[in-house]
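Here's the structure, in structure tokens; my notes come after.
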Amino acid sequence: MGGPDMYDVIVVGARCAGAAVALLLARAGRRVLLLDRARFPSDTLSTLYIHQPGLARLQRWGLLGEVLATGAPLLTRLSLSFPGARFTGPAPALGPITGGCAPRRYALDHLLVQAAIRAGVEFRPRTTVADVQWEDGKVTGVRHGTPRGSTTLARAHLVIGADGRNSTVARLVHAPFVRQDPRSTRVYYSYWSGIPDPGVQIYSGHGMGAGCIPTQDGLTLVSVQVSRTIPAHDDRQRTYREMARRSSAELDGQLTEGKQEDRLYCCSDLPNFFRRPHGPGWALVGDAAHNKDPTPGRGISDAFIQAEMLAERLDFPLDDTQQADAALSKYAQQLREEFTPAYESTLTTARLDPSEYIQHLVDNQHDPAFAEHLFRSFAGLN
Ligand SMILES: Cc1cc2nc3c(=O)[nH]c(=O)nc-3n(C[C@H](O)[C@H](O)[C@H](O)COP(=O)(O)OP(=O)(O)OC[C@H]3O[C@@H](n4cnc5c(N)ncnc54)[C@H](O)[C@@H]3O)c2cc1C
């Protein structure tokens, strides 16, 4: 294969997973085409929080300074509240990273794409992939629309689907689910001014939970998670405020004093799964490969970690199909092994039923070593 539209890798989807893997592959000398149907910069549904392992990747890639320059503060204080128990203190450090951070997605995703472009990636926004090209049972490219309404073919040794939980690439290559679990929660959130900033505040109640996460421009993202066992009400704004009130009287007081500065965002499409993340000529990364309930806020960090795992495996001539099969099988195995424990604990957290473990928390709430362990678990550091 050759010609002007031939790449080493085509990456479909240009946010946390796609822009990151494109950046890393371009830095390794690959010719990379990055496509996204969205225009950039643009927002996407997210409660924004990046834990320390995600920030450590951004630092390793030389991008943490740019993230902090968005004005999103480093969140070095943590407060985790449960019925009858509260843990407050400094966020655990990972090397020099002393907290989490919550940049707006229009800023984070854009700066990742800009870094990828600087590394040599060819980026085409407003470009929807509608089909994949097969040759002898192997994916050899994608067909995508253009902003002018025509369709074109781009070819590559490897097509990476980084196109989110409802991945088009996964559907087109018939990537099967290797594990699926029921949806647990619905999420509501908006941006507020006038909320005091003691860092990240998480409230875990029975059937509901809430979080206050300071972001850019002096605003705080206030999210509410509601168990799907509680019937959804048509009046979402009322549900949001009511569930915040029931999660915590303290939070309710803060919201009464503060001002909601944006519309309410809601999401109930929150599946839990692992897909088979590879096949001949294709791979999946980020939510396309493995999605889980966002209650513990792991998806962005995990997308960065997976992007790094995949890019590191692709250290051979990509037209060597045997090596590609072996490397992608190892990537799939590593992904399943490394992410299953956190997936299991996410399923537990997302049940929003602290009754299973609340007595243990109450009994240990004055033990600093226990609090440290809890904070490290929250940050994904245990
Ligand atoms: C309500 C909610 C709250 C969340 N809160 C957090 C949080 O606080 N912290 C955290 O770490 N994670 C959170 N997550 C999870 C996190 O947002 C995801 O894990 C992360 O965005 C995954 O990144 P990704 O690049 O894999 O996919 P996405 O961010 O979904 O990006 C996929 C991209 O692919 C593009 N695309 C899709 N189809 C096509 C196509 N056919 N052609 C071209 N382009 C295409 C889309 O336009 C999109 O830009 C949350 C998720 C939700 C839904």
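Since the model is a prediction, treat every value here as computed from it, not as a measurement. Read the numbers this way: they start at 1 and go in the same order the structure lists the ligands and their atoms.
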Is the closest basic N to carboxylate O distance between R118 and E66 below 4.0 Å?
-> yes
Parallel, tilted or perpendicular, as decided by the 30° and 60° cut-offs, for the rings of H174 and W134 = parallel
Assess I213 for proximity to ligand 1: is some non-hydrogen atom of it under 4.0 Å away?
-> no
So the ring-ring contact (aromatic ring centres under 6.0 Å, His included) pairs with at least one residue in residues 85-122 (sequence neighbours excluded) are F87-F370
Is I50 in contact with ligand 1, taking contact as a heavy-atom separation below 4.0 Å?
-> no
Please work out which of G380, C16, S46, P294 has its closest non-hydrogen atom nearest to atom 23 (O) of ligand 1.
-> C16
What protein heavy atom sits nearest atom 36 (N) of ligand 1, and how far away is it?
-> D163 CB, 3.7 Å
Flag, side chain of N272 to backbone of P182, donor-acceptor distance under 3.5 Å | yes
Run down the list V142, V113, L270 and name the one with the heavy atom closest to atom 53 (C) of ligand 1.
-> L270
Would you mind finding which of R37, R105, R171 brings a heavy atom closest to atom 43 (C) of ligand 1?
-> R37
Kindly compute the distance separating CD (Q237) from SG (C266), expressed to the nearest 0.5 Å.
-> 8.5 Å
Answer with side chain, backbone, both or neither: which part of T168 has a heavy atom less than 4.0 angstrom from an atom of ligand 1?
-> side chain
Please say whether Y189 places an N or O atom under 3.5 Å from an N or O atom belonging to ligand 1.
-> no
Does ligand 1 have an atom under 4.0 Å from some heavy atom of T127?
-> yes
Check S223 against ligand 1 and report side chain, backbone, both or neither, counting heavy atoms closer than 4.0 Å.
-> neither
Classify the ring geometry between H278 and W282 as parallel (under 30°), tilted (30 to 60°) or perpendicular (over 60°).
-> tilted
Please confirm whether L48 comes under 4.0 Å of ligand 1, counting heavy atoms of the residue only.
-> yes
Salt-bridge contact D36-R124 (side-chain N to carboxylate O under 4.0 Å) = no
What is the closest protein heavy atom to atom 27 (O) of ligand 1, and at what distance does it sit?
-> G164 CA, 3.7 Å
side-chain hydrogen bond (donor to acceptor under 3.5 Å, both in side chains) filter on T47, not counting sequence neighbours, yields none
